[in-house]
Amino acid sequence: MAKILLTGGAGYIGSHTYAALTEAGYAVEILDNFANARDDVPDRLEMITGAPVKVHRVDVLDRAALDAVFASTTFDGVVHFAAKKAVGESQKIPLDYIETNCTGLVNLMKAMEKAGVFRLVFSSSATVYAPTLDWPIPEEAALGYASTYALTKLMGEQIIQAAAHADARWRFGILRYFNPAGAHPSALIGEDPSDIPNNLMPYIAKVATGELPELNVFGNDYPTPDGTGVRDYIHVVDLAEGHVQSLNALMKGEGSHIVNLGTGQGYSVLDMLKAYERACGKPLPYRVAPRREGDLACYYGDPAKAEALLGFRAKRDLDDMCATSWAWVSRASNMRG
Ligand code: UD1
């Protein structure tokens, strides 16, 4: 049974990836500093998988601790999520973002190199594409960044490619996600922002639970069918399965790859709101607010390359994203107070 180290495995996408990797037959150990994760996620993963969950409570900035983790077990590969991810915050504390996301990655890769582990799946983001009016966005599109968060993801991709250029033993999967949404069908894990969310789906979820009074729709005069912003929402379980397929390719000795993980399908803010209303069975209040600075009218990916290289195709639809999100947030015991 191949052994995988999953950094950031207690977080939103990381925990769903733990479940998917385990289901696919991998033996997985989590490395997380729990800075933005609930302490009970490992217990919940035990309930989902029916097996003990091994956790290393380690920060990726602690190089000695990383070395100790790699000395404790022989890993066959690493899936790397551990990073900071709030766009707005990255503009306020850029050096912290660069330190955790870039230095953390370098630390991890040096520890991997020392231990002779050269398979790496990296959590990147569609935010690495330069603003474009050409949709859907293929992997060959021009790259750029509009936030320090985006810069750290772009640098991460380049750090990995530089290492692989110098040492042919490296095999990597760089996965550029579009907008993750939804939760695990067990309703035991999901997205749990500790603060007022910036992203649409967790914000709508908090309007549905009554924690927030109404959704602010950021602009309804975009050149889209209903005037509101269009994005490529992908079910977090589909996203998690994309990591399994990326890792499978590396385990089979196939080449490194850089692929979008999206659906190729765009939905508007109002589409999402209506789908969530169907899921929770009640109308959700909203008001139209000014456009958010830096937002694009439309942003969705071309998923063809992930399908051709990895056999990846998102299976779950908008209603599944909203129904599983609602099942997760409407269980009071699931939420941090
Ligand atoms: C945002 C980030 C992006 C990051 C991604 C991570 C910005 C400008 N972009 O992308 O860099 O990679 O999150 O998931 O922060 N919306 C509302 N009301 C809200 C929240 C959002 O109307 O309260 C609208 C937005 O204008 C947008 C859509 O919903 O049209 C999706 O927004 P969001 O979830 O923040 O994702 P992105 O803008 O795609």
Side-chain angles (χ1 to χ4, degrees), residues 8 11-14 16 36 81 83-92 94 97 101 122-132 135-137 143-157 175-182 191-193 195-208 211-236 239 260-263 265-276 284-301 318 321-322 325:
Y12 173 43
I13 308 174
H16 289 79
N36 189 28
F81 286 98
K84 292 181 176 288
K85 63 166 188 179
V87 178
E89 188 185 56
S90 78
Q91 297 301 92
K92 293 187 191 117
Y97 269 67
N101 296 8
F122 178 64
S123 160
S124 189
S125 165
T127 191
V128 299
Y129 292 116
T132 175
W135 317 290
I137 306 167
L143 303 179
Y145 61 92
S147 69
T148 304
Y149 166 71
L151 171 65
T152 64
K153 288 295 171 186
L154 195 51
M155 283 169 68
E157 292 194 358
L175 308 181
R176 294 179 179 156
Y177 318 150
F178 282 78
N179 298 54
E191 189 171 20
D192 181 19
D195 226 331
I196 293 184
N198 297 308
N199 295 117
L200 180 66
M201 280 299 280
Y203 201 103
I204 293 180
K206 282 189 187 274
V207 175
E211 280 169 83
L212 291 169
E214 61 183 359
L215 173 70
N216 296 302
V217 175
F218 296 147
N220 68 349
D221 55 355
Y222 284 109
T224 60
D226 67 18
T228 66
V230 167
R231 294 292 183 273
D232 185 342
Y233 298 92
I234 175 169
H235 198 297
V236 66
L239 201 52
N260 288 335
L261 290 185
T263 65
Q265 178 84 43
Y267 290 104
S268 75
V269 175
L270 293 180
D271 288 335
M272 298 308 287
L273 190 70
K274 281 182 215 135
Y276 217 100
L284 298 174
Y286 74 93
R287 68 177 193 99
V288 177
R291 289 182 179 192
R292 182 172 65 180
E293 204 188 317
D295 268 356
L296 292 169
C298 232
Y299 209 77
Y300 58 94
L318 206 58
M321 295 178 215
C322 294
S325 165

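Just so you know, ligand 1 is whichever comes first in the structure, and atom 1 is the first atom listed for that ligand. One-based numbering along the sequence shown.
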### Query
Between Cys322 and Tyr276, does a side-chain contact (heavy atoms from CB on, under 4.5 Å) hold up when you go through it step by step?
CA-CA 5 Å; Cys322 294; Tyr276 217 100; 3.8 Å; yes
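The number of heavy atoms from other shown groups lying within 6.0 Å of CZ (Phe218) is above 12.
Nearest heavy-atom pair across Asn216 and Ala289 is CB-CB, 4.0 Å.
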Would you mind writing out the side-chain donor-acceptor pairs for residues 196-203 within the sub-3.5 Å range, not counting sequence neighbours?
none

Starting from the N and O atoms of ligand 1, collect every protein N/O partner closer than 3.5 Å and put each pair on its own line with the distance to 0.1 Å.
unit_1	atom_1	unit_2	atom_2	d
ligand 1	11 (O)	Thr127	OG1	3.3
ligand 1	13 (O)	Asn199	ND2	2.9
ligand 1	18 (N)	Asn216	O	2.7
ligand 1	22 (O)	Asn216	O	3.3
ligand 1	22 (O)	Phe218	N	2.9
ligand 1	26 (O)	Asp295	OD2	2.6
ligand 1	32 (O)	Arg292	NH2	3.4
ligand 1	34 (O)	Asn199	ND2	3.4
ligand 1	34 (O)	Leu200	N	2.7
ligand 1	35 (O)	Asn199	ND2	3.0
ligand 1	35 (O)	Arg292	NH1	3.2
ligand 1	35 (O)	Arg292	NH2	2.8
ligand 1	36 (O)	Asn179	ND2	3.1
ligand 1	38 (O)	Arg231	NE	3.4
ligand 1	38 (O)	Arg292	NH2	2.9
ligand 1	39 (O)	Asn179	ND2	2.9
ligand 1	39 (O)	Arg231	NE	2.7

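A donor-acceptor contact under 3.5 angstrom links the side chains of Glu89 and Tyr97, judged on distance only. A donor-acceptor contact closer than 3.5 angstrom links the side chains of Thr263 and Asp232.
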